[in-house]
Enquirer: 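Quick one: the structure is below, and I'll ask about it shortly.
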Amino acid sequence: MSVAAPLVLRTGDGARLRELTRSSTAAAGHVQRARMVLLAAEGLPGTEIGRRVGMTRQTRIAWRAED
């Protein structure tokens, strides 16, 4: 099984994404994607990211194929 490399965030992106995850007005899909990006930047494997944010294996594979 291959493990995707951690995402590297630009300066300030982490703070903006964390702010989005705490927003009460942001769309749920945006919040979920922000959480996914932050977890990937921490180096968590896709299975753990999927477990934490509740996404399917197919969604996880499609999402990482786009980065």
Side-chain angles (χ1 to χ4, degrees):
M1 173 175 79
S2 65
V3 176
L7 294 179
V8 178
L9 300 178
R10 295 177 300 190
T11 303
D13 285 349
R16 292 178 70 195
L17 290 167
R18 283 186 294 280
E19 182 179 310
L20 180 59
T21 64
R22 293 187 300 269
S23 173
S24 62
T25 58
H30 291 169
V31 172
Q32 182 184 46
R33 283 186 286 283
R35 288 183 64 212
M36 292 163 49
V37 171
L38 288 168
L39 293 170
E42 290 178 19
L44 269 66
T47 52
E48 180 63 15
I49 294 170
R51 186 188 69 73
R52 290 189 186 192
V53 300
M55 75 176 142
T56 66
R57 181 177 186 272
Q58 291 81 9
T59 300
R60 199 173 68 242
I61 290 169
W63 174 71
R64 284 308 298 243
E66 295 175 8
D67 67 353

Enquirer: Please report the C-alpha distance between Arg51 and Glu48 in whole Å, then the side-chain angles of each, then the deciding distance to 0.1 Å, and finally whether the salt bridge (charged side-chain N to carboxylate O under 4.0 Å, His left out) criterion is met.
Expert: CA-CA 5 Å; Arg51 186 188 69 73; Glu48 180 63 15; 2.6 Å; yes

Enquirer: Locate the shortest heavy-atom distance separating His30 from Leu20; write the atom from each residue and the value.
Expert: O-CD2, 3.7 Å

Enquirer: Show the numbers, then the answer: is there a side chain to side chain contact (heavy atoms under 4.5 Å, CB included) between Val37 and Asp13?
Expert: CA-CA 10 Å; Val37 171; Asp13 285 349; over 6 Å; no

Enquirer: Is there a chain of hydrophobic side chains (I, L, V, M, F, W, Y, each step under 4.5 Å between heavy atoms) that links Ile49 to Val31?
Expert: no

Enquirer: Just by distance, do the side chain of Arg35 and the backbone of Leu17 share a donor-acceptor pair under 3.5 Å?
Expert: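 No: the side chain of Arg35 does not pair with the backbone of Leu17.
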
Enquirer: Would you compute the distance between atom CZ of Arg16 and atom OG1 of Thr11 and round it to the nearest 0.5 angstrom?
Expert: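 Spacing of CZ (Arg16) from OG1 (Thr11) equals 12.5 Å.
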
Enquirer: Going from CG on Leu7 to CD on Glu42, what distance comes out if it is rounded to the nearest 0.5 angstrom?
Expert: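 The CG atom of Leu7 sits 11.0 Å away from the CD atom of Glu42.
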
Enquirer: Just how far is it from atom OG1 of Thr59 to atom CZ of Arg33, taken to the nearest 0.5 Å?
Expert: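 Here the rounded value is 10.5 Å.
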
